[in-house]
Amino acid sequence: MNINKLLEGVSCQCGKYHTCDIKYVYIEDNACAHLNKICEEYRNILIVADENTYSAAGEKTERELQGKHIKKVIFSGEKILVPDETAVDTVTAALQGTDLIIGIGSGVIQDLCKYVSFKNKIPYLVVATAPSMDGYCSNGAAMIMGGMKVTYSAGLPLAIVADVDVLKNAPIDMIKAGYGDIIGKFSALNDWKLAHLILGEYFCPYIYDLTKNQIDRTLTLASGILKRQEDAIKVLMEALVVIGILMSFAGSSRPASGSEHHLSHFFEITGILNNREYFPHGIDVAFSTVITAQIREKILASKFPVNICCPDTRNEKIHKIYGKIADSCIALQQKTGYYNTDRAGAYLNNEAEIRSILADMPTSKDICDMLGLAELNMDDFYNMYSAQTIADAVLYAKDLKDRFTVLWMNYDFYGE
């Protein structure tokens with residue numbers, strides 16, 4: 001796919017002219033060779049990486065930056081880097097004199113660089129080291145601030161440089177995570193259609209169809225992903241990047257993030273709060289897509305009921321689950337007003353179309369089969385998280401975000 005052509009913009013049937021403020025995307029062998037030209041107007045460069053990502057692509061990056069003044073912030077590779085206030089302060093402290101930030105890494109590194117770049121008005125670019133997530137081209141920076149997962153609107157990178165030889169040698173769990181993130185789009189797209197019907201949210205058929213096309217392209221070569229075949233890894237990375245661009249086109253993460261991401265955020269946030277283990281983001285998204293498919297199947301098998309609301313017990317349970325960030329969750333939902341909105345009429349008046357949308361999602365078995373192509377087994381998910389943790393996620397993950405998804409339908413239908 002010609003991604004740089006897509007970056008030129010699209011005059012769309014939805015009435016918008018879609019744009020994305022990224023200048024270059026290179027996903028190819030020896031992609032780092034483009035860095036010299038991309039960086040020609042910048043003199044003082046700060047490289048941000050961890051020990052593992054620097055080992056993967058640091059030398060290739062520096063080789064193309066001859067004559068530049070380079071500083072480095074290299075985080076430990078022995079523990080998971082959390083994109084929190086401490087990490088932000090570490091990068092910010094090294095910025096003096098910098099006119100370009102280069103993040104070498106994937107999700108956390110690029111979110112951190114994106115956030116610092118935006119706050120300090122210094123451009124950044126990404127040298128990708130793994131096809132692990134779709135955020136490379138997203139303007140959202142997923143950070144952990146005050147212990148809560150917060151996605152900030154931030155700037156886009158100047159460029160994304162992805163050497164296929166580096167990508168294919170990424171840790172296999174990161175490759176699986178990228179594949180899982182793509183499978184999660186089935187759920188996100190379904191939620192987008194629901195929100196459009198129930199709440200009248202903006203919806204773009206072009207963005208929807210092109211996102212779906214990226215899922216289909218990835219599935220076509222899925223059998224080669226675990227074998228680290230270059231064509232499969234290249235298509236996976238292209239799909240992740242294109243979907244990131246489509247988020248910019250949509251003006252939000254709607255095409256790529258819905259109930260499955262909210263469940264993933266729940267496992268991550270409660271894991272951090274309670275010092276419990278959790279899966280990498282994309283793998284949690286993959287497993288959570290099975291759970292959201294099960295929710296849709298449950299609703300399809302049900303009679304459409306009236307709205308249920310239990311605010312007194314709800315707030316008590318939110319405090320028990322989210323602890324120090326509970327008040328932030330409650331305040332967020334007070335702002336959305338979702339708990340105080342009776343959607344029964346909308347459900348009943350649109351029942352046939354809602355059922356059609358829900359049925360358009362692959363079944364939970366279908367999703368399990370797709371995950372099996374990357375050796376992602378739901379037994380691992382159930383071994384990681386207790387039945388109570390999963391049940392809590394289904395009920396309370398929705399409180400982390402200001403977005404209507406099938407999780408709200410589940411609450412409306414079945415309550416606490």
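None of these values were measured; they are calculated from a predicted model.
- Between Lys234 and Glu28 there is no salt bridge, since no side-chain nitrogen of the basic residue lies less than 4.0 Å from a carboxylate oxygen of the acidic one.
- Listed by chain and residue number, His281 satisfy the ring-ring contact (aromatic ring centres under 6.0 Å, His included) test with His265 (two or more places apart in sequence, or in another chain).
- For residues 227-247, no pair satisfies ring-ring contact (aromatic ring centres under 6.0 Å, His included), with sequence neighbours left out.
- In terms of modelled atom types and a separation under 3.5 Å, the side chain of Glu351 and the main chain of Asn349 share no donor-acceptor contact.
- Within the 4.5 Å cutoff, no side-chain heavy atoms of Thr61 are placed close to those of Tyr54.
- Ser259 approaches Leu407 most closely through the heavy-atom pair CB-CG, 3.7 Å.
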Report task. Check the pair Thr92 / Asn120 against side chain to side chain contact (heavy atoms under 4.5 Å, CB included), numbers first and verdict last. Result -> CA-CA 8 Å; Thr92 303; Asn120 293 276; 4.2 Å; yes

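- Remark: the backbone N or O of Ile74 is not paired with any side-chain donor or acceptor of Glu51 at under 3.5 angstrom.
- Between the side chains of Gln333 and Thr336, a donor-acceptor pair is found at a separation under 3.5 Å.
- For the pair Ile122/Asp99, no side-chain contact is recorded, criterion being any heavy-atom separation below 4.5 Å from C-beta on.
- A donor atom on one side chain and an acceptor atom on the other are not found under 3.5 Å apart for Lys320 and Tyr396.
- The heavy-atom pair separating Gly415 from Leu395 by the smallest distance is O-CD2, 3.2 Å.
- A donor atom on one side chain and an acceptor atom on the other are not found under 3.5 Å apart for Asn377 and Tyr382.
- Using modelled atom types, no side-chain atom of Trp192 and backbone atom of Tyr208 make a donor-acceptor pair closer than 3.5 Å.
- Of all the heavy atoms in Leu263 and Ala393, the pair that sits closest is CD2-O, 3.4 Å.
- Remark: the Tyr414 side chain and the Lys298 side chain contain no N/O donor-acceptor pair separated by less than 3.5 Å.
- At least one side-chain heavy atom of Pro205 sits less than 4.5 Å from a side-chain heavy atom of Phe203.
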**Report entry** Working for side chain to side chain contact (heavy atoms under 4.5 Å, CB included), residues Phe279 and Glu268
**Finding:** CA-CA 8 Å; Phe279 286 113; Glu268 179 182 3; over 6 Å; no

Report task. Just do the side-chain hydrogen bond (donor to acceptor under 3.5 Å, both in side chains) check on Thr363 and Asp366 with the steps written out, would you? Result -> CA-CA 5 Å; Thr363 68; Asp366 291 336; 3.1 Å; yes

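- A donor and an acceptor atom, one from each side chain of Asn4 and Glu8, are nowhere located under 3.5 Å apart.
- Checking His34 against Glu64 by side-chain atom types alone, no donor-acceptor pair falls below 3.5 Å.
- For the atom pair Tyr202 OH and Cys14 SG, the distance stands at 3.0 Å (nearest 0.5 Å).
- Around atom CD1 of Ile172, more than 12 heavy atoms belonging to other residues, nucleotides or ligands sit under 6.0 Å away.
- Arg228 and Asn169 share no donor-acceptor pair across their side chains, judged by distance under 3.5 Å alone.
- In summary, the side chains of Ser187 and Thr289 do not present any donor paired with an acceptor at a separation below 3.5 Å, with no hydrogens or angles considered.
- A donor-acceptor contact shorter than 3.5 Å is absent between the side chain of Tyr179 and the backbone of Leu226.
- Note on residues 239-255: pairs passing side chain to side chain donor-acceptor pair (under 3.5 Å), not counting sequence neighbours, are Glu201-Arg254, Ser253-Arg403.
- In summary, the side chains of Asp284 and Tyr385 do present a donor paired with an acceptor at a separation below 3.5 Å, with no hydrogens or angles considered.
- Annotation for Pro255 and Ala188: closest pair O-CB, 3.9 Å, computed over non-hydrogen atoms.
- For Thr98 (side chain) and Leu95 (main-chain N/O), a donor-acceptor pair under 3.5 Å exists by modelled atom type.
- The neighbour count for Lys23 NZ, taken as heavy atoms of other residues, nucleotides or ligands under 6.0 Å away, does not exceed 12.
- Remark: side-chain polar atoms of Lys114 are paired, donor with acceptor, to backbone N or O of Gly135 under 3.5 angstrom.
- Side chain of Asp50 to backbone of Ser76: no donor-acceptor contact under 3.5 angstrom is found.
- The shortest side-chain heavy-atom distance between Leu46 and Lys72 does not fall under the 4.5 Å cut-off.
- Of all heavy-atom pairs spanning Cys20 and Ile245, the tightest one is CB-CG2, 4.0 Å.
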Report task. Could you walk me through whether Tyr124 and Phe118 pass ring-ring contact (aromatic ring centres under 6.0 Å, His included), step by step? Result -> CA-CA 9 Å; Tyr124 82 102; Phe118 183 75; over 10 Å; no

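- Looking only at atom types and distance, the side chain of Thr389 has a donor-acceptor partner in the side chain of Ser386 under 3.5 Å away.
- Taking 4.5 Å as the limit, every side-chain heavy atom of Met143 sits out of range of all side-chain heavy atoms of Thr151.
- For Phe381 and Phe267, the ring centers sit closer than 6.0 Å to each other.
- Judged by distance alone, with hydrogens and angles left aside, the side-chain atoms of Lys68 form no donor-acceptor pair with the main-chain N or O of Ile45 at under 3.5 Å.
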Query raised in the report: Going through the checks in order, is the ring-ring contact (aromatic ring centres under 6.0 Å, His included) test met by Tyr339 and Trp408?
Result: CA-CA 9 Å; Tyr339 276 113; Trp408 278 103; 4.8 Å; yes

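- The two residues Ile38 and Val161 come nearest to each other via the heavy atoms CD1-CG2, 3.9 Å.
- More than 12 heavy-atom neighbours from other residues, nucleotides or ligands sit within 6.0 angstrom of CD on Glu40.
- Qualifying ring-ring contact (aromatic ring centres under 6.0 Å, His included) partners for Tyr42, counting only residues two or more places apart in sequence or in other chains: none.
- Of the possible donor and acceptor atoms, one in the side chain of Asp84 sits under 3.5 Å from a partner among the backbone N and O of Ala87.
- The shortest distance between side-chain heavy atoms of Met247 and Asp134 falls below 4.5 Å.
- Thr129 and Ser106 share no side-chain donor-acceptor pair at under 3.5 Å.
- Screening Asp360, Asp191, Asn410 against Arg296 for a side chain to side chain donor-acceptor pair (under 3.5 Å) leaves a single residue, Asp191.
- The ring-ring contact (aromatic ring centres under 6.0 Å, His included) test applied to Tyr322 returns Phe266, not counting sequence neighbours.
- Using a 4.0 Å cut-off between charged side-chain N and carboxylate O, Lys335 and Asp402 make no salt bridge.
- In terms of the ring-ring contact (aromatic ring centres under 6.0 Å, His included) criterion, Phe186 has no residue partners (sequence neighbours excluded).
- Inspection of the Thr270 and Tyr278 side chains reveals no N or O donor paired with an N or O acceptor under 3.5 Å.
- Annotation: cation-pi geometry not satisfied between Lys398 and Tyr338 (NZ/CZ under 6.0 angstrom from ring centroid, within 45° of ring axis).
- No donor-acceptor pair closer than 3.5 Å links the side chain of Lys16 to the backbone N or O of Cys12.
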Report task. Walk me through it: do Lys60 and Val166 pass the test side chain to side chain contact (heavy atoms under 4.5 Å, CB included)? Result -> CA-CA 10 Å; Lys60 284 190 174 189; Val166 171; 4.0 Å; yes

